[in-house]
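Remember, it's a predicted structure, so these values are computed and weren't measured experimentally. Note that ligands are numbered from 1 as they come in the structure, with each ligand's atoms numbered from 1 the same way.
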Amino acid sequence: VSSPVFIDSGVTLVESNASDEMVVRAARVSTGSAAKPFEDGGAQLIGYLMRERHGSPFEHGMFTFHVTAPLFVAAQWMRHRAGHSYNMESGRYSEAGPEFYAGTAWRTQTGKPGHYEFKFLDGPAVQVAERIYRESVTAAWTAYQNLLLRGVAKEQARMVLPESKMTSFYWTCNPRSLMHFLSLRATLAAQTDIATLAFDVFDAFANVMPVTAREFIINSQVAP
Ligand SMILES: Cc1cc2nc3c(=O)[nH]c(=O)nc-3n(C[C@H](O)[C@H](O)[C@H](O)COP(=O)(O)OP(=O)(O)OC[C@H]3O[C@@H](n4cnc5c(N)ncnc54)[C@H](O)[C@@H]3O)c2cc1C
């Protein structure tokens, strides 16, 4: 029986086929000028489309990311349905690895749903929380392995694993659906554990579509 391994989450861009130019060309189809030279970088037109929320020209393109995250973050992520595709690691076909979420700084939560205030734990309480967490993960991981040793199917043995179990998935979206995701998750209102990854997604997006990303921010991060 092995011990659990605590790791961080991460997101990497696997491939993309998207550009600011494509947004401009798609928008110009409506006036029959899609082939017009792309001279000004598209800032004016993209800014207009973003402001007026003419969203469909932003649907021509794709980004595929590989995400490694705890199950609870994956659950939040996969709530995004429109224009998103997912393929996820299986707990039926493959035996779970020993990876569990290292976690972010322990914090307290006060106030009402939607208006919570978070403060970092300090002093000995931090070590106590960490110890309780790691002990419970170790117990769950041991139980999982023991069930497998007794011949229980992987698809059932996983029932003992906690939400901090790491998983991985491929996520494909288009620039518009990506911005909708960012509007809700690359923000301090979202849980830190998904927001940290969403900020990395924003960086990758801004590398590929710098003008669109800038206009998105100028438009108060409201997706078109
Ligand atoms: C801070 C935060 C807290 C949250 N808390 C909770 C919670 O407590 N419980 C919970 O269940 N969820 C919660 N969620 C998830 C949230 O309700 C959404 O499911 C999630 O953010 C995805 O947003 P979406 O539906 O707009 O995105 P998508 O599913 O990608 O949809 C994009 C847009 O398409 C349209 N659309 C998609 N599907 C439909 C449909 N069936 N009918 C009509 N229009 C549709 C809507 O305009 C929608 O905004 C939370 C999300 C955040 C960011």
Query raised in the report: Can you name the residues that come within less than 4.0 Å of ligand 1, going by heavy atoms only?
Result: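 Under the 4.0 Å cut-off, ligand 1 touches Arg79, His80, Arg81, Ala82, His84, His180, Leu184, Arg185, Ala189.
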Report task. Describe, in one word, how the ring planes of Phe205 and Phe63 are oriented to each other, choosing from parallel (under 30°), tilted (30 to 60°) and perpendicular (over 60°). Result -> perpendicular
Report task. Look at the aromatic rings of His84 and Trp171 and report parallel, tilted or perpendicular, splitting at 30° and 60°. Result -> parallel
**Report entry** Members sharing Val1's hydrophobic cluster (side chains within less than 4.5 Å)
**Finding:**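 Besides Val1, the cluster holds Leu149.
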Query raised in the report: Quick one: ring-ring contact (aromatic ring centres under 6.0 Å, His included) partners of Phe58, sequence neighbours excluded?
Result: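 Not a single residue meets the ring-ring contact (aromatic ring centres under 6.0 Å, His included) criterion with Phe58.
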Query raised in the report: When you measure from the side chain of Asn174 to the backbone N and O of His60, does any donor-acceptor pair fall under 3.5 Å?
Result: no
Requested in this report: Taking side chain to side chain contact (heavy atoms under 4.5 Å, CB included) as the test, write out the residues that go with Ser30, two or more places apart.
Outcome: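 Counting only residues at least two positions away or on another chain, Ser30 forms no side chain to side chain contact (heavy atoms under 4.5 Å, CB included).
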